[in-house]
Amino acid sequence: MDTSNLLLNVNGIEVIYNHVALVLKGVSLQVPEGRIVAILGGNGAGKTTTLRAVSNLLKGERGEVTKGTIELKGERVESLSPSDLVRRGVVQVMEGRHCFAHLTIEENLLAGSYTRKDKGEIAANLDKVYTYFPRLKTRRTSQAAYTSGGEQQMCAIGRALMSNPRMVLLDEPSMGLAPQIVEEVFEIVKDLNVKEKVSFLLAEQNTMVALRYSDFGYIVENGRIVMEGEAKSLADNEDVKEFYLGISGEGRKSFRDVKHYRRRKRWLS
Amino acid sequence: MGFFLETLFGGLMAGMLYSLIALGFVLIYKASGVFNFAQGAMVLFAALAMARFAEWIPKWLGFESLLLANLLAFIVAMALMVVLAWVIERLCLSKLVNQEGITLLMATLGISYFLDGLGQTLFGNDIYSINVGMPKDPAMILEGTFEGGLLISKEDLVAALISAALVAALALFFQKTATGRALRAVADDHQAAQSIGIPLNRIWVIVWSVAGFAALVAGIIWGSKLGVQFSLSLVALKALPVVILGGLTSVPGAILGGLIIGVGEKLSEIYLGSFFGGGIEIWFAYVLALGFLLVRPQGLFGEKIIDRV
């Protein structure tokens, strides 16, 4: 990976919840400016925790970064408040969308511009969000809780964009959405990345889609990074195919073959 | 007819006073999703501060003007409420980010006892009076239309007008300003609000200060009516059925709820009271609220509980 233009540099962080539960055991990753980087892995692997560590939302969950450093453009950011980070251009879209249920879509978006004070800038951002998410424009006056899952996800991403970020931490955008909507959401993400130069750090379980849209991938398991590489080479990797994409060398397996020998996860021993 | 109208007006104005206190509950609930048990204690605390400072400040500075004394006392008491909001946020709420609603509720219960004690320790536990020059004598109106005219308490009328103005201002604040929007966002989802850069600690200080302001106004009006004493913190109990009826999340709801309770109380006492042997004014509101909880738990104007499945 090209390391000359790093936006985010996470260096060997360790996260402990409730003073006892060690969840991240030395995670390092880099996001270059203007790229989409994916963190992949199963449930409880530590994807969300990694994102929360970066956006400093761990405190509400009683978590704490105990080791390692997080640098944004070379500046240490571990002790900043979430609101300071948003001001510096890093904003998280939380897993499960978390729209403000009783606010309308437009109010949701405007709430996202809390850190921006310039009225003209806010109006321009709102226009921008509406051009990327035309669906939101049609639903602007309905309460967020009454919109569909896909619209809520778009609302959550749009709301984050209202703060004019350099980098969006996107947690499980595909969760609970129909495959078609997932594609739609990812297309927009790619679009934003290309046209607006927003970098994305994305946590996904849907490995297939995530690898198709991202430039670089990290695979986390048990709080450690077990594999990393260009998205293309990861998608071609035999281990990744078997464990995360569900296809092995011989093509799709039938469950009728009672005994099949799984490849060993080499990194586990 | 004249008697009925007189009762009605009396009820409406008493209702406005209830809404004034209910407003404090609604503000904090709307902006942080916490049912603030300490609202009554805040009313007492603010009223005590107001009463005592209005008495002390002229003595310290050596002047006589009542207006100036009240004005200064109001400013000092308001500053005190802001400091209080800040301390509550620092010592209590900031430690409870993202906790269950019930945990926060218990915390406000604790704050309530603490404030009751603190107020009386600082300001004394006698009965004090607040004199902000409210008109004390009643007025007769419509003497031509009804025999003997209608007896209206000017004091209640002024109080009702003040509360109406306060409510209008707050409703605008919540609906139209960026801060108001942020407050509503925080009420819906603490964490999401935090994730898009709304600083929770500042929002909480703001909302508790605004609630402190509502408590101060309520304290002054009730205090000048009943005198400032411990029982003032109990008028908050009257606000409970009001918020249940109007909806915990609605500022206009607090008003309408207050009016319904006020009028209902007075009319039921007069027209139904005799069937129960009188005194139903005391419990009528609670029964009404209980009935409402069965039929419409979110209240008249409360935010509907939206559940997606």
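- Within a 6.0 Å sphere centred on NZ of A/Lys117, other residues, nucleotides and ligands contribute more than 12 heavy atoms.
- Closest non-hydrogen pair, A/Val91 versus B/Ser195, comes out as CG2-O, 3.4 Å.
- Annotation: side-chain hydrogen bond (donor to acceptor under 3.5 Å, both in side chains) contacts involving residues 81-97 of chain B, sequence neighbours excluded, are absent.
- A/Tyr114 touches chain B through its side chain: at least one heavy atom from C-beta onward sits under 4.5 Å away, while N, CA, C and O do not.
- Within 6.0 Å of the CD1 atom in B/Ile102, the count of heavy atoms belonging to other residues, nucleotides or ligands does not exceed 12.
- Screening B/Arg184, B/Lys176, B/Arg181 against A/Glu107 for a salt bridge (Lys or Arg N to Asp or Glu O under 4.0 Å) leaves a single residue, B/Arg184.
- Interatomic distance, CD1 of B/Ile196 versus CG of A/Leu161, reported as 12.0 Å (0.5 Å rounding).
- The shortest non-hydrogen separation linking B/Ala192 to A/His98 is CB-O, 3.3 Å.
- There is no contact between B/Leu183 and chain A, counting heavy-atom distances below 4.5 Å.
- Contact of B/Ala193 with chain A is made through backbone and side chain together, with heavy-atom distances under 4.5 Å.
- A pairwise comparison of heavy atoms in A/His102 and B/Asp188 identifies N-OD2, 2.7 Å as the closest pair.
- The CD1 atom of B/Ile198 sits 11.0 Å away from atom OG of A/Ser163, with the distance rounded to the nearest 0.5 Å.
- Between the CZ atom in A/Arg97 and the CG atom in B/Asp189 there is a gap of 13.0 Å [rounded to 0.5 Å].
- With sequence neighbours excluded, the residues that form a side chain to side chain contact (heavy atoms under 4.5 Å, CB included) with A/Ser83 are A/Ser81, A/Arg87, B/Pro199.
- The environment of NZ in A/Lys73 is crowded: more than 12 heavy-atom neighbours from other residues, nucleotides or ligands sit within 6.0 Å.
- Annotation: the span from B/Gln194 atom CD to A/Leu57 atom CG amounts to 5.5 Å, rounded to 0.5 Å.
- If you measure heavy-atom distances from A/Thr115 to chain B, the contacts under 4.5 Å come from the side chain alone.
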